[in-house]
Amino acid sequence: GTGLGFSISLHGTDQVSCVFLGDGAVEEGVFYESINFAALKNLPVLYICENNLYSVYSPLSVRQPAGRRISELVRSIGVESDSGDGNDVMEVHAKVSGAIRSVRAGDGPRFLEFATYRWREHCGPNFDNEIGYRTEEEFLRWKERDPIVLFENAVKKGFVVPEVEIAEMDSVIEREVADAFRFAESSPFPSPSEIFTDLYGK
């Protein structure tokens with residue numbers, strides 16, 4: 001993503017490279033190299049950190065000092081940073097929109113840290129609370145702050161979108177997902193001859 005930002009800068013377009021990462025990524029050396037390079041070259045990059053408190057099964061408390069804010073850490077490198085509630089759709093939209101405007105105005109890279117939570121296992125579709133790396137109480141506390149449910153309730157309360165329209169959207173999405181599963185499960189495996197198809201641009 002940082003390399004893409006460098007390419008955008010060289011070509012002089014108004015594009016912005018958006019890099020999504022988890023809290024665990026900031027414990028890797030390449031993260032600091034990338035942020036430093038973006039700051040040095042004033043690159044049009046927006047880094048968005050989804051801080052869900054866990055790196056695979058390790059909580060933030062065993063990986064970083066208590067009280068540390070990742071956004072403050074990044075600010076000390078020279079990149080303007082902010083943090084917010086990742087489960088508040090409107091707050092996320094406002095902060096991302098503002099950051100994009102700043103980057104496009106030539107103000108350099110931006111970093112946003114959003115507090116959120118992971119419902120399912122690190123990799124895969126299942127629940128994994130029985131492993132014991134997090135408590136059921138913590139899970140349920142965050143579940144009450146499901147961003148989709150919160151946003152849906154907000155638009156219903158404000159009468160922005162009628163309830164019947166939301167139900168219709170749900171139905172359309174469920175059909176699309178069901179159709180995608182049917183297509184995938186009924187499709188043959190690709191031929192081995194296709195292994196390099198679309199791998200490299202011409």
From [X] atom [atom1] to [Y] atom [atom2], the distance as rounded to the nearest 0.5 Å:
X	Y	atom1	atom2	answer
Leu43	Ser9	CG	OG	5.5 Å
Ile48	Arg110	CD1	CZ	13.5 Å
Asp128	Arg134	CG	CZ	5.0 Å
Gln64	Leu73	CD	CG	7.0 Å
Tyr54	Arg63	OH	CZ	10.0 Å
Asn153	Ile166	CG	CD1	8.5 Å

Under 3.5 Å, side chain of [X] to main-chain N/O of [Y], donor-acceptor pair present?
X	Y	answer
Glu113	Ser71	yes
Ser171	Ala167	no
Ser81	Val79	yes
Ser17	Gly1	yes
Glu121	Phe127	no
His93	Val89	no
Arg118	Asn52	no
Ser55	Ser58	no
Asn129	Thr135	no

Is the number of heavy atoms from other residues, nucleotides or ligands under 6.0 Å of [X] [atom1] greater than 12?
X	atom1	answer
Ile148	CD1	no
Glu168	CD	no
Met169	CE	yes
Ile195	CD1	no

Practice problem: Before giving the answer on side-chain hydrogen bond (donor to acceptor under 3.5 Å, both in side chains), spell out for Arg101 and Ser97 the whole-Å C-alpha distance, their side-chain angles and the decisive distance to 0.1 Å. | Solution: CA-CA 6 Å; Arg101 281 194 298 274; Ser97 298; 4.9 Å; no
If you look at every heavy atom in [X] and [Y], which pair is closest and at what distance?
X	Y	answer
Glu80	Arg75	OE2-NE, 4.2 Å
Asn51	Ile70	ND2-CD1, 3.8 Å
Val103	Gly108	CG2-O, 3.5 Å
Ala39	Gly78	CB-O, 4.3 Å
Thr197	Ser193	OG1-O, 4.4 Å
Asn87	Thr116	OD1-OG1, 2.8 Å

Notebook entry, point to check: Relative to the ring of Trp119, is the ring of Phe139 parallel (under 30°), tilted (30 to 60°) or perpendicular (over 60°)?
Noted result: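 Rings of Phe139 and Trp119: perpendicular, as their planes differ by over 60°.
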Is it true that [X] and [Y] make a salt bridge, defined as a side-chain N closer than 4.0 Å to a carboxylate O?
X	Y	result
Glu152	Lys156	yes
Arg145	Asp85	yes
Asp82	Lys95	yes

Check your understanding: Would a 4.5 Å heavy-atom cut-off, applied to side chains only, mark Cys18 and Ile100 as touching?
Key ->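 Cys18 reaches Ile100 side chain to side chain.
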**Asked** Would the Phe20 and Tyr47 ring centres measure less than 6.0 Å apart?
**Response** no
